[in-house]
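Comments concern the structure below.
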Amino acid sequence: MFHLLEKRIAEAVSAYLTTRYGIQAGSAIEQPKDSRFGELALPAAFQLARQLRQPPRAIAAAIAEGMQPVEGVARIEPAGNGYLNVRLDRGYYGRALLEGVAGAGAGAEADGKIIVEHTNINPNKAAHIGHLRNAVLGDTFVRMLRARGREVEVQNYIDNTGVQVADVVVGFLHLEHKNAEDVRRLIGTTRFDYYCWDLYARTSALYKSNPEALAWRAETLHSIERGEGEAAELAHAVADAIVQAHLATMLRLGIVYDVLPRESEILRLKFWATAFELLKQRGAIHLETEGKNAGCWVMPAAAFGEETGTEDSKVIVRSNGTVTYVGKDIAYQLWKFGLLGKDFRYRRWSRYPDGREVWVSTDGEGDPGAPRFGAGARVYNVIDIRQAYLQKVVVAGLRALGFEEQAARSVHFSYEMVALSPRSCVELGIALSEEEKRAPYVLVSGRLGLGEKADDLIDKLAEKAAEEVDSRHPEAPLEERRRVAMQIAVGALRYFMLKFTRNTVIAFDFQEALSFEGETGPYVQYAAVRARNILRKLEERGGAMPDFARALPREAMARQLESEDFWQLLLAASKSGSAIERAIASGEPAHVAKYAFQLAQAFNNFYHEYPVLAEENPERRVFLLWMTDYFRRQLEDTLAVLGIEVPPYM
RNA sequence: GCGCCCGUAGCUCAGUUGGAUAGAGCGUCUGGCUACGAACCAGAAGGUCGCGUGUUCGAAUCGCGCCGGGCGCACCA
């Protein structure tokens, strides 16, 4: 509703400026910090002052004087040294909220399917907290887009033929002397992703102490690429099992996918071969004949040098004929926009508890019942910021092929890394140098097997939440308490990953991440639970929810909203749509998290100040109940966008 | 060396893309539980927005120059 009025006012003012001054001015609109300045403010007069050669204050006064009334607006008045302050019609506004005018989806634009690619973890070991940031950011962004009516497809790219998978295969073959049969048994009997976590670290250590072992890696990679031999069979088994583990981990956080495009199919279904031809034909790449890159197909630095500050061209095809990551990613990006003229074949990978299905690419027979994937109008790639250079090369590839528009709609949704606070390193038993102990954060390497696994963190959170729940509700059934604890754990974790803006390095700290007080997910969940409790108590005491539409006519609404307190609370609660749209535009899920927190703060304030059920004045009591119910809905909806559930009790 | 990012309260971070008196959480101190369960609320202390300079009605925000920190710049992904 707020979003709607914001637009309506901006348009009205803009139209007025055009008719009166003949000036096409897209008029900015903002929300004043101080509520005394009204609900909205326009700095339009400042922008016009120079052109009109008049003081801003005089222009503002003239606009306020001359404008026709706008529906839903009580008045527009000049203020300060040239602001136009807008005061909304409170009765109108309250009624509009009550009647549910302009609910969900009001912000939708018909801009076609949006593809969001996230998670993309190498399928060779357990997920860690860095991966969690990627998945939570991506999943939340998807929820934001869907909440505002956009069509979204979620892809999780699986690099099942890469070096990292090969390294684990080398570990099984040469360190543990296991065959495919042995590994299959391990998959069924162990925590396989954890097993591989350690094995990967051991293989990495082996390369360091015995560099000649790198030959095994090369051999394994070739076998995987040809799709033949024991190594290939092993790689397949490892990657599939790990993908399954990753999906299970992510499902604990409510994160799901539509489709898993795999690198093996990029190769076998000739996606790369097709892209390669296209790149050659359009002269985007050329064969280098001399220098250090002799024998390689390269993209010249002219295509991307200005943006990246590099002078070297980028190798796309190695001198041994194999393709680099960038090459494969260009093929993948082309497919995402429907520009490759090819499609994967698909089969069902698994079904989620709610019935939704995940599909996976296959080079075998495809399922004719598969949905249509790819061919998006806009693409977001959730990838950490260290890959900015490579992502720019990929986009430059699209541009070099003549796909300017698609290049402009391919967004690197980047985020900074998750490091560990020195204190957390100590807790994990990671040895630190004196210098590292004093640093604000320490980067740890998955290659060395260091860091915190995603599932371990979720378990720690759930355990701590369980203690809290047990102490508060010892009478509740155990199974239910565990479920509530998990909801709280997920709330804490998702909120923690979202409260930082994308380009802030997170110095992960257990004490902070395990906190359930202050600016945390559980704080917001608690507010929603409290709102529900009031309504539940009402029923327990034999009361029924009033018919608000009948009991709160516009005059009653206006009367109650004369209270500045109520008005500000309602206003804050009604801005979710506006907050989500802003967050989409700026690409910052953190803004939604902040909004949810502010909403919870506002409600907690209300909760303490106004005992709803004890209110004696009938009209006011109905109003307070309506406010409670409205807050409840807004809190629940906003939390849902963050992927956080509201527990039945806390 | 080149490119990108960051520097805001003791600590961890926001700051609606140039607006009105710079905000939260944690920590510290003070006060508040007969239940709409305190995973909460109220209050206090705490700031030269790294430094300098420019742009203009107006700068934490934009430009330039320093200082400090991080990350990239592979025939790895």
Looking at A/Asp384 and A/Arg502, is there a salt bridge between them, counting it only when a charged N and a carboxylate O are closer than 4.0 Å? no
Applying ring-ring contact (aromatic ring centres under 6.0 Å, His included), can you list everything that pairs with A/Tyr630, at least two apart in sequence or on another chain? A/Trp626
Can you tell me if the side-chain N/O atoms of A/His473 get under 4.0 Å from OP1 or OP2 in B/rG37? no
Does A/Asn293 put a side-chain nitrogen or oxygen below 4.0 Å from OP1 or OP2 of B/rC75? yes
Looking at A/Lys464, I'd like to know whether one of its side-chain N or O atoms comes within less than 4.0 Å of OP1 or OP2 on B/rA39. no
Considering Watson-Crick and G-U wobble pairs with both distances under 3.5 Å, what does B/rU17 pair with? none
With sequence neighbours left out, which residue pairs that include part of residues 512-527 of chain A fulfil the side-chain hydrogen bond (donor to acceptor under 3.5 Å, both in side chains) condition? A/Tyr495-A/Glu519, A/Glu519-A/Lys594, A/Tyr523-A/Asn604
Any A/Tyr526 side-chain nitrogen or oxygen under 4.0 Å from OP1 or OP2 of B/rA39: yes
Suppose we define a pair by two distances each less than 3.5 Å, Watson-Crick or G-U wobble; what does B/rC62 pair with here? B/rG54
Ignoring backbone atoms, test whether A/Arg472 places a side-chain nitrogen or oxygen under 4.0 Å from the OP1 or OP2 oxygen of B/rA39. yes
Write down the partner of B/rG46 under the Watson-Crick or G-U wobble criteria, each distance required to be under 3.5 Å. none
If the sugar-phosphate is the primed atoms plus P, OP1 and OP2 and the base is the rest, what is the B/S/- string for nucleotides 25-32 of chain B, using protein heavy atoms under 4.0 Å? SS-----B
On the nucleotide B/rA14, are OP1 or OP2 found under 4.0 Å from the side-chain N or O atoms that A/Thr504 carries? yes
